[in-house]
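Scroll down for the structure; my scribbles are underneath it.
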Amino acid sequence: MHASPSVTFSPDAEPAGCFDAAGLRAGRTVLWTADLPGAAAGRCPISEGDVDAARARMRRFAPLLKELFPELAASDGEIESPLLAAGRLQRALGLSSADGTLFVKADHTLPVAGSIKARGGIHEVLEHAEQLALRHGVLTPADDYRVLAGAPARALFGRHTVTVGSTGNLGLAIGTAAAALGFDVEVHMSADAKAWKKERLRCRGVRVVEHAGDYGEAVVAGRAAAAADRSIHFVDDERSLSLLLGYATAAAGLACQLQQAGRVVDARHPLFVYLPCGVGGAPAGIAYGLARLFGRYVHCLFAEPTASPCFLLRMIAGTSLLPQAGPCTSVYDIGLDNRTEADGLAVPRASELAAAVARPLLAGIYTVTDEQLFRHLHLARVAEGLRIEPSAAAGLAGPRMLLDSPLAGRYLDARSLRPHLERATHVVWATGGLFVPEDEYRRFAARGEAAESADTQPR
Ligand SMILES: *Cc1c(COP(=O)(O)O)cnc(C)c1O
């Protein structure tokens with residue numbers, strides 16, 4: 001494996017160490033750090049106890065989940081993924097041991113949903129089922145939650161609808177979990193959502209409603225249907241606290257795994273975490289959970305496609321970096337088209353809830369091109385045998401971005417982090433891929449291989 005850096009970040013794209021607003025509009029890779037001008041931080045809408053409550057809920061449901069999903073037998077109903085050492089991938093990305101140590105958080109293998117949505121999505125379905133069952137007396141707090149697999153609970157759930165608007169993966173998670181409990185389920189998807197995701201849901205008895213427009217329109221349609229009818233619960237990706245808390249529960253598991261791997265996190269051992277970002281719920285929830293455990297020793301960077309940098313836009317719109325754009329702007333408003341193969345991240349507008357949660361905790365946000373995503377998907381396969389989808393590769397550009405970008409360098413210097421880099425831990429969050437059909441994955445990998453070999457040609 002050649003050792004040349006495989007990220008096409010070119011420092012001259014960042015004019016004189018300034019934020020490259022022109023590059024953002026032109027769809028080039030850019031980086032913003034929290035030291036630059038950004039949106040004002042509002043009040044954080046979640047509290048510490050909320051995350052503990054979500055974790056306790058997942059534990060209460062574990063025996064039921066084990067019964068409903070045979071793939072959870074080995075983990076006793078717990079939905080968790082391993083933290084993988086990734087030394088070969090580290091070298092393939094052009095990172096030396098002086099840069100720290102690379103790990104991959106393997107949420108691309110999460111059971112039941114096949115993506116990070118297993119955390120937030122399933123938590124919200126369980127919370128809704130729990131409230132409904134308690135309210136209708138088919139469950140008491142002292143019960144073994146396996147009563148929810150019995151006839152009275154299933155009859156109750158069958159009279160209720162769960163709906164969601166999704167680019168794909170959230171629909172898969174919600175649809176799979178809600179259908180397994182016996183809910184009536186309707187998933188609204190954009191027309192360009194992957195056909196296999198729609199098919200997988202239909203096989204489980206889920207109604208899939210296709211919308212001609214993008215993800216945002218699918219959400220509006222789902223929200224409207226639910227507003228008119230009390231028997232419908234709409235999982236609102238742009239506003240849901242329950243989703244965000246489900247994601248936040250991931251932090252405790254990671255902390256435990258880091259400890260098992262012998263990784264210290266403190267002033268001399270910084271932790272960098274690279275999180276693919278769509279509406280922002282997943283990365284914001286995880287960043288919140290991690291900040292709670294590691295304080296200022298953890299540095300979370302969000303990763304977005306160059307065509308869909310909605311969270312970055314939310315952070316800088318209306319500031320001196322992008323004064324022309326007003327707040328709450330969508331990526332279309334700055335001339336971007338939201339077209340990317342990273343369907344999990346193809347979101348035009350950030351979640352306001354996620355923005356409020358992430359704003360005070362965030363280290364930075366960077367963008368990646370689809371070509372980079374495919375190359376990194378390919379490198380993850382050849383170096384470590386990982387099978388990830390394009391969205392899940394967005395984190396892999398992070399460490400080089402951190403080390404090469406002058407703006408990131410300023411962030412490191414302002415915190416005196418450079419002397420500690422060799423002891424740093426870099427965790428790249430791989431967010432999806434388990435259920436991608438073989439032929440589709442082969443196309444992704446071939447495209448990545450072609451891009452990678454084109455890049456190593458002499459220039
Ligand atoms: C949904 C998703 C994300 C990002 O989650 P958001 O809550 O939308 O920010 C990242 N990766 C994959 C594979 C996803 O499906």
Side-chain angles (χ1 to χ4, degrees), residues 81 104-110 112-124 164-176 189-190 193-194 197 214-216 218-219 235-248 250 273-289 300-305 308-315 331 338 340-355 357-358 362 365 368 373 376-377 380 386-396 398 428-436 441 444:
S81 74
V104 170
K105 180 59 177 163
D107 272 11
H108 65 292
T109 65
L110 275 183
V112 181
S115 80
I116 194 166
K117 301 294 191 303
R119 300 184 183 277
I122 293 173
H123 174 259
E124 172 146 356
V164 64
S166 171
T167 59
N169 285 341
L170 184 64
L172 271 187
I174 300 291
T176 305
M189 282 190 176
S190 51
K194 304 267 187 236
K197 293 184 180 176
D214 69 10
Y215 157 85
V219 169
V235 176
D236 197 328
D237 200 14
E238 291 177 4
R239 301 177 186 173
S240 166
L241 189 59
S242 185
L243 273 179
L244 204 120
L245 291 172
Y247 293 123
V273 184
Y274 306 93
L275 295 153
C277 175
V279 291
I286 291 173
Y288 179 85
C300 290
L301 287 110
F302 292 6
E304 300 190 294
S308 313
C310 65
F311 213 83
L312 174 45
L313 185 58
R314 175 63 183 79
M315 289 297 121
V331 301
N338 193 34
T340 166
E341 290 283 344
D343 57 339
L345 315 180
V347 174
R349 193 184 298 274
S351 151
E352 285 302 311
L353 176 69
V357 171
L362 194 56
I365 307 176
V368 289
L373 294 177
H376 287 154
L377 178 150
L386 307 178
R387 194 176 176 285
I388 60 178
E389 62 185 83
S391 299
L396 285 166
V428 167
W429 216 286
T431 47
L434 182 62
F435 299 141
V436 175
Y441 180 74
F444 291 157

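As the structure lists them, so they are numbered: ligands from 1, and atoms in each ligand from 1.
The ligand atoms of ligand 1 that sit less than 4.0 angstrom from a heavy atom of Asn169 are 13 (C), 14 (C), 15 (O). When each atom of ligand 1 is checked for a heavy atom of Pro276 under 4.0 Å away, the hits are 4 (C), 10 (C). Set against the non-hydrogen atoms of Ser391, the atoms of ligand 1 under 4.0 Å away are 13 (C). Every atom of ligand 1 is numbered from 1 in the order shown, and the set under 4.0 Å from a heavy atom of Cys277 is 9 (O). Listed by number with element, the atoms of ligand 1 under 4.0 Å from a non-hydrogen atom of Gly281 are 6 (P), 7 (O), 9 (O).
With rounding to the nearest 0.5 angstrom, the NE2 atom of His376 is 9.5 Å from the CD1 atom of Ile388. The CZ atom of Arg349 sits 9.5 Å away from the SG atom of Cys310 when rounded to the nearest 0.5 Å.
Protein heavy atom closest to atom 5 (O) of ligand 1, with residue, atom name and distance, is Ala282 CB, 3.4 Å. Here the heavy atom of the protein found nearest to atom 10 (C) of ligand 1 is Leu345 CD2, 3.4 Å. When hydrogens are left out, the protein atom nearest atom 3 (C) of ligand 1 is Lys117 NZ, 3.5 Å; that is the closest non-hydrogen contact. Scanning all protein heavy atoms for the shortest distance to atom 4 (C) of ligand 1 gives Gly278 N, 3.5 Å. Of all protein heavy atoms, the one lying nearest to atom 11 (N) of ligand 1 is Thr431 OG1, 2.7 Å.
For Asn338 (side chain) and Val347 (main-chain N/O), a donor-acceptor pair under 3.5 Å exists by modelled atom type. Remark: side-chain polar atoms of Glu304 are paired, donor with acceptor, to backbone N or O of Leu312 under 3.5 angstrom. Judged by distance alone, the side chain of Arg314 and the main-chain N or O of Ala354 form no donor-acceptor pair under 3.5 Å. Checked by atom type and distance alone, the side chain of Ser115 never pairs as donor or acceptor with a backbone atom of Gly432 at under 3.5 Å. Distance alone, capped at 3.5 Å, is enough to place a donor-acceptor pair between the Thr109 side chain and the Ala106 backbone.
Here's the thing with Gly432: none of its N/O atoms is less than 3.5 angstrom from an N/O atom of ligand 1. Geometrically, ligand 1 and Val279 share a nitrogen or oxygen pair separated by less than 3.5 Å.
Note on ligand 1: Pro283 sits in its first shell, one or more heavy atoms being nearer than 4.0 Å.
For the pairing with Phe311, the side chain to side chain contact (heavy atoms under 4.5 Å, CB included) check across Val279, Leu345, Leu362 returns one residue only, Leu362.
Salt-bridge formation is detected for the pair Lys194/Glu341: a Lys NZ or Arg NE/NH1/NH2 atom is positioned less than 4.0 Å from an Asp or Glu carboxylate oxygen.
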